[in-house]
> 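Can you read through this structure? Questions will come right after.
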There are 2 protein chains.
Amino acid sequence: MGPMCEEGPGGGGMHGGRPCCKRAGGAGRGALVEPAALAALLNKAGHGYDLRREIREITGGELEVDAGGLYRVLRRMEEEGFVTSVWAESDSAPQRRDYALTAEGRDLAEDWVAHLRERERLSGVLADALSSALKAETAHGEEAVDE
Amino acid sequence: MGPMCEEGPGGGGMHGGRPCCKRAGGAGRGALVEPAALAALLNKAGHGYDLRREIREITGGELEVDAGGLYRVLRRMEEEGFVTSVWAESDSAPQRRDYALTAEGRDLAEDWVAHLRERERLSGVLADALSSALKAETAHGEEAVDE
DNA sequence: GACGGATAGATGTAGCACGCATATAGTGCG
DNA sequence: CGCACTATATGCGTGCTACATCTATCCGTC
């Protein structure tokens, strides 16, 4: 996986057997590849392998998408009309396919902004609920700190 | 589905054919049921059907988890030692199973806080990248607004 | 007393997203 | 030639979710 499960703040992973990361594995963080690809395409159209670097850059190295997954997403978005692609006509280098966003793709990106903001907010709400509940429990349950 | 895809801010869904919500369907928002269940259990141990209401309350009605999914998650967490359950000994009402958190479950909740904060941050980073790229594009591409 | 609705728990199924491994092919290097 | 890097693509397994369905017990009502 990319960086994120390794650099977990609390160093999660030494209680029951599997940290929550495991549970959140796979699609655990929600759809990220598609919006990341859209962001990369908005910044600079190009071929898949390059978009992957672009994604790494615009997220400050925090999101490293799987190459295979990225190609899959690009092809699917093309089928759906959100991007277009043409085989780059270079003589030497390995064949590469240059992608560009369509108008629908731009609209899709706007939808994603709203959706990601929602996810951001919801994650925060849940994290707050969890941490405040944890705080409350330790306060009156651990040592009876009076209060 | 729960409330969230309906009340989408931008009213996403009128371009290519399917809004990003569709793509994010299923596990799109990442794992939410497990942390929500943990939060509910921290606030007030009880039986599944009740935890579902608790979840609705602590999230301000924003998260409405699927009943079936909640039971599944509870059973699995029990298998893994994060919660325990006993059949409530009531004469009348339908049989219910009372759940309680274990020490490992509390640790798991702590892991989830960190993980959810990470997800929150990452969603924000991506949303920022997308929206700033969108802004930049409309600025110099739409009407050549000078500047 | 039959009937629908709420409570309570559980399972089956389908879909989407992801990570990892693997296959292909050209290019440059030692 | 072996090896690494660029570039694209597919197969496979896992995880999480939503929707439909099934059981069973109450309770109020007609």
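A note on names: the letters A, B, ... follow the listed sequences, proteins ahead of strands, and every chain is numbered from 1.
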> May I ask you to verify if any side-chain N or O of A:R53 is less than 4.0 angstrom from the OP1 or OP2 atom of D:dA7?
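It does, given that an N or O in the side chain of A:R53 lies less than 4.0 Å from OP1 or OP2 of D:dA7.
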> Between D:dT17 atom P and A:L122 atom CG, what is the distance in whole Å?
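For the pair A:L122 CG and D:dT17 P, the rounded distance is 11 Å.
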> Mind calculating the distance between CD (B:E78) and C1' (C:dA10) to the nearest angstrom?
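Rounded to the whole Å, the gap is 14 Å.
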> When you measure from the side chain of B:Y49, which nucleotide among C:dA10, C:dC18, C:dT7 comes out closest?
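Among the listed nucleotides, the one closest to the side chain of B:Y49 is C:dT7.
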> Could you tell me the separation between the NE2 atom of A:H115 and the P atom of C:dA17, rounded to a whole number of Å?
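The answer, rounded to whole Å, is 10 Å.
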> On DNA chain D, nearest-nucleotide positions of B:E34 versus A:W87: which is more 5'?
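Looking at the nearest nucleotide for each, A:W87 comes out on the 5' side.
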> Does B:R52 put a side-chain nitrogen or oxygen below 4.0 Å from OP1 or OP2 of C:dT7?
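For C:dT7, OP1/OP2 do not have a side-chain N/O of B:R52 under 4.0 Å.
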> In whole angstrom, what separates A:Q95's CD from C:dA25's P?
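Taking atom P of C:dA25 as the reference, CD of A:Q95 is at 12 Å.
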> Under 4.0 Å between a side-chain nitrogen and a carboxylate oxygen: does that hold for A:D50 and A:K44?
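Salt bridge present between A:D50 and A:K44.
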> Report yes or no: does A:R97 contribute a side-chain atom to a donor-acceptor pair with the main-chain N or O of A:G48 at less than 3.5 Å?
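No; judged by distance alone, with no hydrogens or angles, the pair does not exist.
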> Can you tell whether the side chains of A:R76 and A:E79 come within less than 4.0 Å, N to carboxylate O?
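Result for this pair is no, no salt bridge flagged.
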> What integer distance in Å separates B:D98:CG from C:dA8:P?
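Computing the B:D98:CG to C:dA8:P distance gives 10 Å.
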> Could you check how far CG of A:L126 sits from C1' of D:dT17, rounded to whole Å?
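About 15 Å, once rounded to whole Å.
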> I need the CD-C1' distance between B:E54 and C:dA8, as an integer number of Å.
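One finds 17 Å between C1' of C:dA8 and CD of B:E54, rounded.
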> If each of B:R76 and B:G69 is mapped to the nucleotide of DNA chain D with the nearest heavy atom, which maps nearer the 5' terminus, i.e. the 5' end?
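By nearest-heavy-atom nucleotide position, the 5'-most residue is B:R76.
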> Would you please say whether a donor-acceptor pair under 3.5 Å links the side chains of A:E34 and A:W112?
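Distance-only check passes for A:E34 and A:W112.
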> Considering only NZ, NE, NH1 and NH2 on the basic side and carboxylate oxygens on the acidic side, decide whether B:R23 and A:E80 come within less than 4.0 Å.
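So B:R23 pairs with A:E80 through a salt bridge.
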> Would you indicate which nucleotide in D:dT17, D:dA7, D:dT10 comes nearest to any side-chain atom of B:L32?
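The closest nucleotide is D:dT17.
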> Can you tell whether the side chains of A:R121 and B:E62 come within less than 4.0 Å, N to carboxylate O?
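The answer is yes: the pair qualifies as a salt bridge.
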> What nucleotide, of D:dT6, C:dG19, C:dA17, holds the atom closest to the side chain of B:R23?
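Closest nucleotide among those given: C:dA17.
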> If only side-chain N and O atoms of A:R29 are considered, is one of them under 4.0 Å from the OP1 or OP2 phosphate oxygen of C:dG19?
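Yes, within the criterion.
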> Roughly, in whole Å, what's the span from CZ in A:R75 to P in C:dA17?
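Answer to the nearest Å: 17 Å.
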> Between C:dC18, D:dT8, C:dA10, spot the one nearest the side chain of A:V73, thanks.
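Of the options given, the side chain of A:V73 lies nearest C:dC18.
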> Would you classify B:V33 as touching base, sugar-phosphate or nothing, given that sugar-phosphate means primed atoms plus P, OP1 and OP2, and contacts are heavy atoms under 4.0 Å?
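Sugar-phosphate, backbone atoms only, no base.
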> Reckon B:R96 has a side-chain N or O less than 4.0 Å from the OP1 or OP2 of D:dT25?
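No, outside the criterion.
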> Measure from the side-chain heavy atoms of A:D66 and tell me the nearest of D:dA9, D:dA18, C:dC20.
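The nucleotide sitting nearest to the side chain is C:dC20.
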> Does A:R72 have a side-chain nitrogen or oxygen under 4.0 Å from the phosphate oxygens OP1 or OP2 of D:dT10?
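No, no such contact exists.
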